[in-house]
Every structure is written in structure tokens, then in C-alpha cells.
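First comes the structure, then the notes that go with it.
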Amino acid sequence: MNEFTSLPSPFAAETDADLGARAARMIWDDQPEVDDLIDPRTPEFAKAVVTGLADALVSSPGALKRMMRGAAAAAEDLNVEPFQGLTEVIQNADDLRASEVRFAFRDTAAGRKLLIVHNGQPVACQHVLGMALCRL
């Protein structure tokens, strides 16, 4: 037994927000372990992943931003369907082996929201970067 066995893991006290921030860095850096990430599916984790990836996108070098904007503009030129976004959602659900996709509207104080659910595998933190690139 060595002197370190009784010490707690440095990650034992990490909150879901800490884990989400670390996951965002791993995703952005395309680390090999990214496929092994376990997404706890908590709001704190999700917010930290999305915030971390958004910060990485915003702080990326100008040339990379220009490339991503150019790719997004080229993709927009290909998508001439008025409901292309809904088509993408259905395709993403199909990729996650869904057999059913449901759409609903919810009226809130902030306005009308579109809700989308499917019965396929859950969307995980590893999928978020690809979805976010279209927002540049």
C-alpha cells in the first residue's frame, strides 16, 4: 500500500458542471477517450458542455472561424427546402435508431417553443458539436 491510496480521487468532488466543462474540452480537442464519455444527462452537465463548446468556437482562430462560416454558408446554399431543419432532426433521430419522432408546440411567457422527442438512443454530449456548427 502506498501513501496515495487513501487520498480521494481528484475527480471525486467534481460536480456535473465540472464534468461537463471537462467533457467539452475533450470533445473540442477530439481526444481518443471522447467516445467513452458518460453523459449523466443533467441540466448542469448539458449547460457546461454547450457553454464550453460555444466558448471554444468563439475563441477559435479567425481562419478556423472563417472556414466554419464558409462551410455553413455552402451547406445553406444546398438546403433550399423550407423545412430543412425538421428534416435534419428526423435524420438525426434515424441515426439514433428511432422509429418514431413527435413534434409539439408549447406556449410559454417567452413565446412559442417547438418540442421534439424521439424513441431512439439518447442524444449525448458527443453529438452536440456537430449540431452547434450550424449556428456560427
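Computed over heavy atoms, backbone and side chain alike; hydrogens, waters and symmetry mates excluded. This structure is a prediction, so every number in the text was calculated from the model and none was measured.
To the nearest 0.5 Å, the span separating OG1 on Thr87 from CG on Asp94 amounts to 12.5 Å. Between the CZ atom of Arg22 and the CD1 atom of Ile27 there is a distance of 12.0 Å, given to the nearest 0.5 Å. Atom CE of Met26 and atom CG of Asp35 lie 9.5 Å apart (nearest 0.5 Å). Considering CZ of Arg106 and NZ of Lys113, their distance stands at 8.0 Å, rounded to 0.5 Å.
No side-chain heavy atom of Asp30 sits less than 4.5 Å from a side-chain heavy atom of Trp28. Side-chain atoms of Leu115 and Phe105, non-hydrogen and from C-beta on, never get closer than 4.5 Å to each other. Glu100 has its side chain out of reach of His118: every pair of non-hydrogen atoms, C-beta onward, lies at least 4.5 Å apart. Taking 4.5 Å as the limit, every side-chain heavy atom of Asp29 sits out of range of all side-chain heavy atoms of Val34. Counting heavy atoms from C-beta outward, Thr51 and Asp55 have side chains that approach closer than 4.5 Å.
Between the side chain of Asp39 and the backbone N or O of Cys125 there is at least one donor-acceptor pair closer than 3.5 Å. No donor-acceptor pair under 3.5 Å is formed between the side chain of Asp16 and the backbone N or O of Glu44.
In terms of heavy-atom proximity, Phe45 sits nearest to Ile38 at CZ-O, 4.3 Å. Across all non-hydrogen atoms, the minimal contact from Gly20 to Val49 is O-CG2, 3.4 Å. When all heavy atoms of Leu96 and Val123 are compared, the pair lying nearest together is CD1-CG2, 3.7 Å. Among all heavy-atom pairs drawn from Leu53 and Ala24, the shortest one is CD2-O, 3.6 Å.
Hydrophobic clustering (side-chain heavy atoms under 4.5 Å, transitive across Ile, Leu, Val, Met, Phe, Trp, Tyr) keeps Ile90 apart from Val117.
In the displayed structure, Arg41 atom CZ is contacted under 6.0 Å by more than 12 heavy atoms of other residues, nucleotides or ligands.
Considering only residues two or more places apart in sequence or on other chains, Ala46 meets the side chain to side chain contact (heavy atoms under 4.5 Å, CB included) condition with none of them. With sequence neighbours excluded, the residues that form a side chain to side chain donor-acceptor pair (under 3.5 Å) with Asp107 are Arg112. Every residue two or more places apart in sequence or in another chain was checked for a salt bridge (Lys or Arg N to Asp or Glu O under 4.0 Å) with Arg25, and none qualifies.
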Worksheet item: Run the side-chain contact (heavy atoms from CB on, under 4.5 Å) check on Leu37 and Gln126 step by step: do they pass?
Response: CA-CA 8 Å; Leu37 284 173; Gln126 295 91 328; 3.4 Å; yes

